[in-house]
> 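Please find one structure pasted underneath; my questions will follow.
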Amino acid sequence: MFKRIDHVELVPSDVERTIKFYTDILGFTLTERIPVNAPPLLEVVFLRLQDTMVEFLVMSDPIPTVKSPNQIGYHCLALEVDDMDQTIADLQAKGVEITWGPVSLGPAKRAEIHDPDGLPIELRQW
């Protein structure tokens, strides 16, 4: 019945800053920007990373959410990496702070960074 997760939607506070982070730092590719005339929705932006998609919903006057590690709902976006140590070195060279880890979880490694709005992004090496 269900095939896969098609995309994840995020509402950024500053879409240009967020696009720059996801493309220049994380390696996503901007694939499409669609203006929308359905206030408060102004635009939909699609970014692709191999076979996964992130969709940014550009809203007029977006409202910040409460950020708590125990909140119900969205917790993080997880990106699989080939080499945790190299990924961390590359991110740090680009000025990205590693906010948690890395830690070993059996055969896997896990670390976290945050996007420009402070949303957590898990880094996972299997």
Side-chain angles (χ1 to χ4, degrees):
M1 177 189 303
F2 300 105
K3 293 170 54 176
R4 64 186 180 95
I5 294 173
D6 183 71
H7 65 275
V8 175
E9 291 180 353
L10 303 174
V11 177
S13 63
D14 178 334
V15 72
E16 299 307 328
R17 177 182 69 170
T18 303
I19 289 171
K20 185 170 178 53
F21 178 82
Y22 279 79
T23 57
D24 294 355
I25 304 293
L26 300 181
F28 282 74
T29 302
L30 175 63
T31 59
E32 191 170 14
R33 293 184 83 151
I34 304 170
V36 178
N37 186 13
L41 182 60
L42 305 174
E43 182 180 27
V44 178
V45 180
F46 294 96
L47 281 80
R48 180 174 296 281
L49 181 66
Q50 296 188 32
D51 65 346
T52 59
M53 183 86 69
V54 173
E55 178 180 339
F56 297 141
L57 302 178
V58 182
M59 302 285 187
S60 59
D61 302 318
I63 301 167
T65 59
V66 174
K67 293 179 184 159
S68 167
N70 297 328
Q71 73 186 31
I72 295 173
Y74 170 82
H75 182 71
C76 73
L77 172 71
L79 299 176
E80 184 177 351
V81 303
D82 290 323
D83 181 313
M84 183 66 73
D85 297 331
Q86 185 62 54
T87 299
I88 286 174
D90 290 347
L91 289 170
Q92 289 175 328
K94 294 176 181 177
V96 177
E97 178 186 355
I98 307 305
T99 57
W100 187 83
V103 297
S104 293
L105 303 171
K109 291 183 182 177
R110 186 181 190 281
E112 282 188 16
I113 60 173
H114 287 96
D115 82 354
D117 286 312
L119 297 175
I121 298 173
E122 175 185 334
L123 307 173
R124 179 65 71 119
Q125 178 185 330
W126 293 103

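Values below: every heavy atom of this structure, side chains too, minus hydrogens, waters and symmetry copies.
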> If the threshold is 4.0 Å, N to carboxylate O, is there a salt bridge linking Lys94 and Asp24?
no
> Just jot down the ring-ring contact (aromatic ring centres under 6.0 Å, His included) partners of Phe28, sequence neighbours excluded, or say none.
Tyr22
> How about Gln125 and Leu123: do any of their side-chain heavy atoms sit closer than 4.5 Å?
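Counting from C-beta outward, Gln125 and Leu123 never come under 4.5 Å.
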> For the OG1 atom of Thr23 and the CZ atom of Arg48, what is their distance to the nearest 0.5 Å?
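The distance works out to 15.0 Å.
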> Kindly compute the distance separating CG (Leu47) from OG1 (Thr18), expressed to the nearest 0.5 Å.
10.0 Å
> Within this structure, what is the CD-CG distance for the pair Gln86 and Leu91, rounded to the nearest 0.5 Å?
10.0 Å
> Side chains of residues 98-105: which donor-acceptor pairs under 3.5 Å do they make with residues two or more places apart or in other chains?
from, atom 1, to, atom 2, distance (Å)
Thr99, OG1, Glu112, O, 3.1
Thr99, OG1, His114, ND1, 3.2

> What are the two closest non-hydrogen atoms of Phe46 and Ile34, and how far apart are they?
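Where Phe46 meets Ile34 most closely, the heavy atoms are CE1-CD1, 3.8 Å.
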> Would you say Leu119 and Val54 are hydrophobically clustered, going by side-chain heavy atoms of ILVMFWY under 4.5 Å?
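Both belong to a single hydrophobic cluster.
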> Roughly how far, to the nearest 0.5 Å, is the CD1 atom of Ile25 from the CG atom of Asp90?
10.5 Å
> Taking a hydrophobic cluster as the set of Ile, Leu, Val, Met, Phe, Trp and Tyr residues connected by side-chain heavy atoms closer than 4.5 Å, whether directly or through intermediates, do Val8 and Val81 fall within one such cluster?
yes
> Got a sec, which pairs hit side chain to side chain donor-acceptor pair (under 3.5 Å) with one end in residues 30-47, sequence neighbours left out?
Glu16-Arg33, Arg33-Glu43
> Grab the two heavy atoms, one from Leu30 and one from Val45, that are nearest each other, plus how far apart they are.
CD1-CG1, 3.4 Å
> How about Asp6: does its CG atom have over 12 heavy atoms from other parts shown lying under 6.0 Å from it?
yes
> Taking the side chain as C-beta and beyond, is there a heavy-atom pair between Val44 and Leu57 under 4.5 Å?
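Result yes, sub-4.5 Å side-chain heavy-atom pair found.
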> Roughly how far, to the nearest 0.5 Å, is CG of Asp83 from CD1 of Ile88?
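Going from CD1 on Ile88 over to CG on Asp83, the span is 9.5 Å.
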> Once rounded to the nearest 0.5 Å, what's the spacing between atom CE of Met84 and atom CH2 of Trp126?
10.5 Å
> Please report the shortest heavy-atom distance between Pro62 and Ser13, naming the atom on each side.
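Scanning both residues completely, I find the closest heavy atoms to be CG-CA, 4.1 Å.
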> Does one hydrophobic cluster hold both Leu42 and Val11, with members joined at side-chain heavy-atom distances below 4.5 Å?
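Not linked; separate clusters.
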> Counting C-beta onward and ignoring hydrogens, is there a side-chain heavy-atom pair between Leu49 and Leu26 closer than 4.5 Å?
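Sidechains of Leu26 and Leu49: no contact.
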